[in-house]
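Quantities reported herein were computed from a predicted structural model and do not represent experimental measurements.
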Amino acid sequence: MNNINENNIRYKEAEKRVKKIKGFYIHLMVYCFTNLLVIALQFFDTDDKEQWSWKMLQLPVFWGIGLAAHGLSVFLPPVVLGKRWEEKKIKELMDKEK
């Protein structure tokens, strides 16, 4: 019985992890397609003298910072609000309700 519960817990954790990874990949695809479209539209819409201005690169740079943060939160081990913090907070809330 204990083995079934443990397998179920591990399955749920793996399922949660896969959803986070999938969310990052969707974010990455939207980032790529959107920025390619925006840069292409800006490239063909500007004069020759302004083709590679900072204005054209603002969206990819700042969105890229957000995408990098999302990637770090998905692929690096949690440091601040990790598994130990979750377990401690659950125990604290359970003790509080008693």
Item to check | side chain to side chain contact (heavy atoms under 4.5 Å, CB included) between L28 and F33, worked out | outcome: CA-CA 9 Å; L28 179 63; F33 292 133; over 6 Å; no

Next on the checklist: So, taking the atom named CD in Q42 and the one named CG in L57, what distance separates them when rounded to the nearest 0.5 Å?
Outcome noted: 8.5 Å

Next on the checklist: For a side chain to side chain contact (heavy atoms under 4.5 Å, CB included) check, start with the C-alpha distance between E15 and K12, then their side-chain angles and the critical distance, and finish with the verdict.
Outcome noted: CA-CA 5 Å; E15 185 178 38; K12 292 289 184 187; 3.8 Å; yes

Next on the checklist: Ignoring hydrogens, what is the shortest heavy-atom contact between K20 and V74? Give both atom names and the distance.
Outcome noted: O-CG2, 3.8 Å

Checklist entry - Looking only at heavy atoms, what is the nearest atom pair of P60 and I39, with distance? => result CG-CD1, 3.7 Å

Next on the checklist: Strictly below 4.0 Å, N to O, side chains only: are K89 and E92 in salt-bridge contact?
Outcome noted: yes

Checklist entry - Can you say whether the rings of Y31 and W63 are parallel (under 30°), tilted (30 to 60°) or perpendicular (over 60°)? => result perpendicular

Next on the checklist: Can you classify the ring geometry of H70 versus F24 as parallel (below 30°), tilted (30 to 60°) or perpendicular (above 60°)?
Outcome noted: perpendicular

Item to check | Path from L41 to L36 over hydrophobic side-chain contacts below 4.5 Å | outcome: no

Checklist outcome for this item: Rounded to the nearest 0.5 angstrom, the CD1-CD1 distance for I21 and I26 is 12.5 Å

Checklist outcome for this item: Rounding to 0.5 Å, atoms CG (N5) and CZ (R10) come to a distance of 12.5 Å

Item to check | Set of side chain to side chain contact (heavy atoms under 4.5 Å, CB included) partners for F62, sequence neighbours left out | outcome: W54, Q58, I65

Checklist entry - So how far is it from C32 SG to L37 CG, rounded to the nearest 0.5 Å? => result 13.0 Å

